[in-house]
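The structure displayed is predicted, hence computed values, not measured ones.
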Amino acid sequence: MTSWLSMLHGEEKQPLGLCNNIGNCSIADKKKEIPIRGDNEKCPECGANIAPKVYPPPPIPRPLIISALLIFGLMVLIFFSQMIWCTINGTFKSVSFFPPSVTCKPSSASPEEKNKLKELESEIDKLKIRMEKIDSEVNLLVEKNPKSIQIDTISETAKLLNNELTSTQKNITEIKDNIKNQNLDGLTSKLDEIKAIVNNIKIRVEKLFNKIEQYKTALALQDLKKLFQRNIDNKNWSEASENIKNIHNLDPDPALLADLTEQLKNAQLNWYQQQAIAAIETGDMDVAEKHIIAMEQLEPNWPTLAGLKLRLDKTYKLAKLNQLITQGDWNKAKQYLNELHQLHPSWKVKLIELEIKLNDTQNHQDMANKMLNKADWNEAKKHLDKLRDADIDSVVLMNLLDTLTKGEQYQKQTINLLKELDCDNAEIKKNQLAKISPKAIEILDTFSRQIQQCQHTPKCLASVPKNIHGVLPMYHIPVFDKKPVPQSVSYWMPKMKGKIINNNKNFFIMRREVTVQEFQQYVETLTKIKQEQQFIPTGWKQQADYPVSHISWEAAQGYANWLSEKTGNNCIIKLPSEKQWRSALAYIGLKNVEFRKINDWNEPVKLKKSLTPKAVVHLFDNLTEWSSDSCLNGYNVLGQNYQVRERALANGHSSVTCSNAKESPILGFRLVIQE
């Protein structure tokens, strides 16, 4: 017999046993093993039965143990990994330990299902908006036609669709709750069912909307036809024509268009005929002719048209000629006059009378035009009065009278604006006057000069006495950026070579230096003590209109303060700063600067009396001038006198810019006004 143990150990062994007769058998006492060769084996010594020997089980081989452990560990790993996956991505549906397996169900809808749900919600929202519009349209239709059966049907359909939409929306809400509760069984099929319902509702909503639009179109056509008839009755032809276009847009039926167009044309022709007859009877030739022309344009073959034209031509041409003369339509009146001379020679006396009136009134109109062109308002009025006396009532006459009124106004306004120093508006009014009276050359030239002068006059001088203007001939320096100092200046003032000047404030600078006569008026107001305090000399060798020299800085500043007070302190008058002086040089340039030696220290060059608004003279020659800028030894001086620079260079100095002189034959000053 082969035991499983021997097979386990890889070999077959004969079974062994022990004698049961222990204590009476030496073999049993010595525990000798006896081979068992068959059933009921007996001990050879005592004949007792042999009991098979029980062997302990052999140890299990290590490879078998390792293999079993690996298999078990793998099964446990698979089991727990499935549990973790379900925990993260779903819920447990079933768990089996033998064999180890875990089945999980998803905790949320798939991306496709979510997208489908989102699309359904969007479609329902759109349908709700559409239904809101339909409900609004239905309410309006009910208000207009509360007893219409068709509208009742539309209203019932709308209610049914709204109920279905509400029910569908509830189904969507229920599905969303199921998803939230992780009840996802049959989700895809439910979504497909709802989508089919939504598509069906969508089709029916569009059909209902089209039905409403068709009903509205029918109502609109009905209203437009009523409005068309009302406009015809009220003779509103343009509106009736617009009604036809709108009707055709709603119902493009050619027969309907032709019928409406014919109705409008016949109504217009009948009305024009009535108006033409009435105008002929009252002698209003223009109105009659206008209506006859309108009839001819609409229907050249209208039965009464020829008779109306003949009646107008034969009966009223003479009246029309008189009307044309009265209206001042000279060319057309002459044409009519020539025609009547040929057609009705028997009217010669009346026609000559009208011809004299025509020539006379035309002559007055031409003369009025000529006088207005020259701004001779009085003569223009005389001719216009003649036209009015002749009962001329024309657009031409009204235009001439309007031109006269405007011309007088523009001239008066220009004068007032110049008095107020409102230069820009004065220029506008002057240009308006020039358009009306281009040949008023003397007036326009005078205004141009005054405007040019005004532009260089500070507005603060507008309310001061005119004699102050005479002692402050100013030039306007506007704000500007990056103007280079002229090259010729750098020869006289080396430190200004290559400078770029920016001026960030408007100011006005005197076009010349202050004269002896002007300064003496100030001196006469001072006590002797104040004259001494300002180092004013007792007399000058220069003439009255020479620039004042031998002037201290204190005296120049005192004169500026005195002038400010004379303006009522409206103007800020002071000595120029070096920056303002340089800005003036850069802006004006040196066109008006004369570089020459002074003839004698005590006799500065006499200033020219003819100063144009563009002239700013002696900025850099003649006298040096005081500035408002203080320096180490006194105050900066502006400009460089030829003799002064020549002597300074001889003494090794590059320039003279600072002085504390109390009396100097080369020092004078000019003023600036800051606005």
Say whether, by atom type as modelled, one donor and one acceptor occur between the side chain of [X] and the main chain of [Y] under 3.5 angstrom.
{"X": "Asn231", "Y": "Asn236", "answer": "no"}
{"X": "Asn139", "Y": "Asp135", "answer": "yes"}
{"X": "Asp402", "Y": "Met398", "answer": "no"}
{"X": "Lys235", "Y": "Asp233", "answer": "yes"}
{"X": "Ser167", "Y": "Asn163", "answer": "no"}
{"X": "Ser583", "Y": "Asn503", "answer": "no"}
{"X": "Thr217", "Y": "Glu213", "answer": "yes"}

For [X] against [Y], the heavy-atom pair lying closest together:
{"X": "Leu433", "Y": "Gly407", "result": "CD1-O, 3.6 Å"}
{"X": "Ala426", "Y": "Leu417", "result": "N-CD1, 3.6 Å"}
{"X": "Val198", "Y": "Leu127", "result": "CG1-CD1, 3.9 Å"}
{"X": "Ala276", "Y": "Ile292", "result": "CB-CG1, 4.0 Å"}
{"X": "Ala586", "Y": "Pro484", "result": "CB-O, 4.2 Å"}

Using side chain to side chain donor-acceptor pair (under 3.5 Å) as the criterion, list what pairs up with [X], not counting sequence neighbours.
{"X": "Lys430", "answer": "Ser448"}
{"X": "Gln674", "answer": "Gln580"}
{"X": "Glu132", "answer": "none"}
{"X": "Lys202", "answer": "Glu123"}

Quick one: [atom1] on [X] to [atom2] on [Y], what's the gap to the nearest 0.5 Å?
{"X": "Ile172", "Y": "Lys190", "atom1": "CD1", "atom2": "NZ", "result": "11.5 Å"}
{"X": "Gln263", "Y": "Lys225", "atom1": "CD", "atom2": "NZ", "result": "10.0 Å"}
{"X": "Ile451", "Y": "Glu427", "atom1": "CD1", "atom2": "CD", "result": "4.5 Å"}
{"X": "Arg130", "Y": "Leu208", "atom1": "CZ", "atom2": "CG", "result": "10.0 Å"}
{"X": "Leu224", "Y": "Gln222", "atom1": "CG", "atom2": "CD", "result": "10.5 Å"}
{"X": "Leu298", "Y": "Leu269", "atom1": "CG", "atom2": "CG", "result": "5.0 Å"}

Legend entry - Gln229 and Lys226: CA distance, side-chain angles, deciding distance, side-chain contact (heavy atoms from CB on, under 4.5 Å) verdict: CA-CA 5 Å; Gln229 190 59 51; Lys226 290 179 181 178; 5.9 Å; no

Would [X] and [Y] count as having a side-chain donor-acceptor pair, cut-off 3.5 Å?
{"X": "Asn210", "Y": "Glu206", "answer": "no"}
{"X": "Asn425", "Y": "Asp422", "answer": "yes"}
{"X": "Arg230", "Y": "Asn234", "answer": "no"}

Legend entry - Step-by-step side-chain contact (heavy atoms from CB on, under 4.5 Å) determination, Lys429 to Phe447: CA-CA 10 Å; Lys429 291 300 176 184; Phe447 281 159; over 6 Å; no

Inset, instruction - Before accepting this row, confirm whether a basic side-chain N of the pair Glu164/Arg204 lies closer than 4.0 Å to the acidic partner's carboxylate O. - result: yes

Legend entry - Residue pairs, two or more places apart or on separate chains, that pass side chain to side chain donor-acceptor pair (under 3.5 Å) and touch residues 266-275: Gln273-Trp302, Gln273-Thr304

Inset, instruction - Evaluate the side-chain hydrogen bond (donor to acceptor under 3.5 Å, both in side chains) criterion for residues Glu239 and Asn243: first the C-alpha distance (whole Å), next the side-chain angles of each, then the deciding distance (0.1 Å), finally the verdict. - result: CA-CA 6 Å; Glu239 293 182 19; Asn243 294 150; over 6 Å; no

May I ask you to test the [X]-[Y] pair for a side-chain heavy-atom distance under 4.5 Å?
{"X": "Pro438", "Y": "Asn373", "value": "yes"}
{"X": "Phe209", "Y": "Lys133", "value": "yes"}
{"X": "Lys211", "Y": "Tyr215", "value": "no"}
{"X": "Asn249", "Y": "Asn246", "value": "yes"}
{"X": "Ile436", "Y": "Gln432", "value": "no"}
{"X": "Leu308", "Y": "Met295", "value": "yes"}
{"X": "Glu112", "Y": "Asn115", "value": "no"}
{"X": "Leu264", "Y": "Ser241", "value": "yes"}

Legend entry - Those residues that, when tested against Tyr587, pass ring-ring contact (aromatic ring centres under 6.0 Å, His included) (two or more places apart): Phe480

Legend entry - side-chain contact (heavy atoms from CB on, under 4.5 Å) between Ile477 and Asn506, intermediate numbers included: CA-CA 6 Å; Ile477 308 296; Asn506 292 301; over 6 Å; no

Legend entry - Option from Thr261, Asp259, Asp253 for which side-chain contact (heavy atoms from CB on, under 4.5 Å) with Leu257 holds: Thr261

Inset, instruction - Might you work through the side-chain contact (heavy atoms from CB on, under 4.5 Å) test for Lys579 and Asn504, ending with a clear yes or no? - result: CA-CA 10 Å; Lys579 181 179 179 181; Asn504 57 3; 3.8 Å; yes

